[in-house]
Amino acid sequence: RKAGEEWLVTLNDCETHIPDVYEEVVGEVELTTLGSNQYCVVLDPVDSSGRQLFGQKELRRGEANFFLLPGERLERGIQNHYILSEEEALLLRAKESFVEDKTTHAPGDLWMIYGPTDYIPPVQVEIIEKRTKIALDENEGIYVRDIRTGRVRSVVGETYMLKPSEEL
């Protein structure tokens, strides 16, 4: 090992470890456990050859148990899948270009995933908001603005789901 290098010692490596006089125990690392409906994003992951991939992200889905290697950290902790009912949708924005289900998304693209489904966002996607259908009686209404054109229109007496380019 080189001076200043950090490494992880697990039960797979040895049952006990006594630090040498030239080694210092930096800390203990807890086991990260993901359930079947959970995921996490690891920042600066270490690849299979042991190199740290600075500035990159890796999506890890449950069920899984793993230790975070030196230099790795979780972006927003352990998160649950988004489970959408028939009345719900997720508004998504691409942070960088990528291909999903034979569809190419450019950075800044807005689109929606409609329920019923469960969804795990790729690392290139940002979730803007969770939307639900708006139920309107025959004498109730809302104003909807198209953010691309600025045109405002009214919707009256129907159940309405905002489109990706619309806002109340």
Side-chain angles (χ1 to χ4, degrees), residues 4-13 17 25-136 142 144-148 155 159-168:
E5 187 177 351
E6 292 183 2
W7 65 94
L8 188 65
V9 179
T10 65
L11 186 61
N12 295 338
D13 300 324
H17 179 75
V25 176
V26 177
E28 291 187 20
V29 178
E30 295 293 323
L31 182 69
T32 303
T33 303
L34 299 176
S36 61
N37 64 341
Q38 294 179 321
Y39 72 97
C40 67
V41 176
V42 178
L43 300 174
D44 304 328
V46 175
D47 67 5
S48 58
S49 67
R51 285 183 323 160
Q52 187 132 28
L53 306 173
F54 292 106
Q56 295 189 18
K57 297 178 182 182
E58 180 181 297
L59 179 67
R60 296 187 185 169
R61 301 171 190 229
E63 296 183 4
N65 295 314
F66 59 91
F67 289 103
L68 288 174
L69 298 174
E72 292 181 337
R73 60 193 195 284
L74 297 180
E75 186 174 39
R76 289 187 305 259
I78 297 172
Q79 299 182 34
N80 293 323
H81 294 188
Y82 288 90
I83 300 173
L84 303 174
S85 71
E86 203 173 301
E87 307 276 317
E88 297 174 320
L90 288 175
L91 178 61
L92 309 171
R93 178 185 299 139
K95 294 190 276 187
E96 54 188 78
S97 63
F98 76 105
V99 177
E100 181 181 52
D101 298 331
K102 300 179 183 177
T103 304
T104 302
H105 297 285
D109 281 357
L110 289 172
W111 74 99
M112 289 178 70
I113 298 288
Y114 296 93
T117 189
D118 63 335
Y119 184 72
I120 299 175
V123 295
Q124 302 92 342
V125 171
E126 171 187 12
I127 295 178
I128 305 297
E129 67 180 354
K130 187 175 187 178
R131 291 185 172 177
T132 57
K133 288 184 178 178
I134 302 168
L136 301 170
I142 56 173
V144 177
R145 179 169 41 139
D146 188 322
I147 58 176
R148 285 181 278 154
V155 177
T159 300
Y160 189 74
M161 170 69 79
L162 292 171
K163 300 197 176 20
S165 62
E166 295 178 337
E167 65 182 10
L168 282 177

Does a sphere of radius 6.0 Å around CD in Glu86 hold more than 12 heavy atoms from other residues, nucleotides or ligands, not counting ones at 6.0 Å or beyond?
no

Parallel, tilted or perpendicular, as decided by the 30° and 60° cut-offs, for the rings of Phe98 and Trp111
tilted

Mind checking whether Asp118 and Tyr82 have side chains closer than 4.5 Å, heavy atoms only?
no

Closest heavy-atom contact between Arg148 and Ser165?
NH2-OG, 2.8 Å

To the nearest 0.5 Å, how far apart are CD1 in Ile78 and CD in Gln38?
5.5 Å

To the closest 0.5 Å, what do you measure between CD (Glu63) and CG (Asn37)?
9.0 Å

Can you measure from NE2 (His105) to CD (Glu96) and round to the nearest 0.5 angstrom?
13.0 Å

Within-4.5 Å side-chain heavy-atom neighbours: Ile134 and Leu168
yes

All heavy atoms of Leu136 vs all of Val155, minimum pair found to be CD1-O, 3.6 Å

Heavy-atom closest pair, residues Tyr39 and Asn80:
CE2-O, 3.4 Å

Closest heavy-atom pair and its distance - Asp13, Val9
OD2-CA, 3.5 Å

Heavy-atom check, side chain of Ile147 versus side chain of Leu110, under 4.5 Å
yes

On a heavy-atom basis, the closest approach of Arg131 and Glu166 is NH2-O, 3.0 Å

In the structure I gave you, are the side-chain heavy atoms of Val125 and Tyr119 within less than 4.5 Å of one another anywhere?
yes

When rounded to the nearest 0.5 Å, the distance separating CG of Leu11 from CG of Leu31 is 11.5 Å

What's the spacing between Met112 CE and Met161 CE if we round to 0.5 Å?
5.0 Å

Within a 6.0 Å radius of atom CD on Glu30, are there more than 12 heavy atoms belonging to other residues, nucleotides or ligands?
no

Leu91 side, atom CG; Lys163 side, atom NZ - distance, nearest 0.5 Å
13.0 Å

Lys130 vs Leu84 side-chain heavy atoms within contact, under 4.5 Å:
yes

Report, one line per pair, each donor and acceptor closer than 3.5 Å where one atom sits in a side chain of residues 40-62; sequence neighbours left out.
{"unit_1": "Asp44", "atom_1": "OD1", "unit_2": "Gly55", "atom_2": "N", "d": "2.8"}
{"unit_1": "Asp44", "atom_1": "OD2", "unit_2": "Arg73", "atom_2": "NH1", "d": "2.8"}
{"unit_1": "Asp47", "atom_1": "OD1", "unit_2": "Ser49", "atom_2": "N", "d": "3.2"}
{"unit_1": "Asp47", "atom_1": "OD1", "unit_2": "Ser49", "atom_2": "OG", "d": "2.9"}
{"unit_1": "Asp47", "atom_1": "OD1", "unit_2": "Gly50", "atom_2": "N", "d": "3.1"}
{"unit_1": "Asp47", "atom_1": "OD1", "unit_2": "Arg51", "atom_2": "N", "d": "2.9"}
{"unit_1": "Asp47", "atom_1": "OD2", "unit_2": "Ser49", "atom_2": "OG", "d": "3.3"}
{"unit_1": "Asp47", "atom_1": "OD2", "unit_2": "Arg51", "atom_2": "NE", "d": "3.4"}
{"unit_1": "Asp47", "atom_1": "OD2", "unit_2": "Arg51", "atom_2": "NH2", "d": "3.2"}
{"unit_1": "Gln52", "atom_1": "NE2", "unit_2": "Asp44", "atom_2": "O", "d": "2.7"}
{"unit_1": "Gln52", "atom_1": "NE2", "unit_2": "Gly71", "atom_2": "O", "d": "3.2"}
{"unit_1": "Lys57", "atom_1": "NZ", "unit_2": "Glu75", "atom_2": "OE2", "d": "2.9"}
{"unit_1": "Glu58", "atom_1": "OE2", "unit_2": "Arg60", "atom_2": "NE", "d": "2.6"}
{"unit_1": "Glu58", "atom_1": "OE2", "unit_2": "Arg60", "atom_2": "NH2", "d": "3.1"}
{"unit_1": "Arg60", "atom_1": "NH2", "unit_2": "Glu72", "atom_2": "OE2", "d": "3.4"}

Taking every non-hydrogen atom, the tightest pair across Val29 and Leu68
CG1-O, 3.7 Å

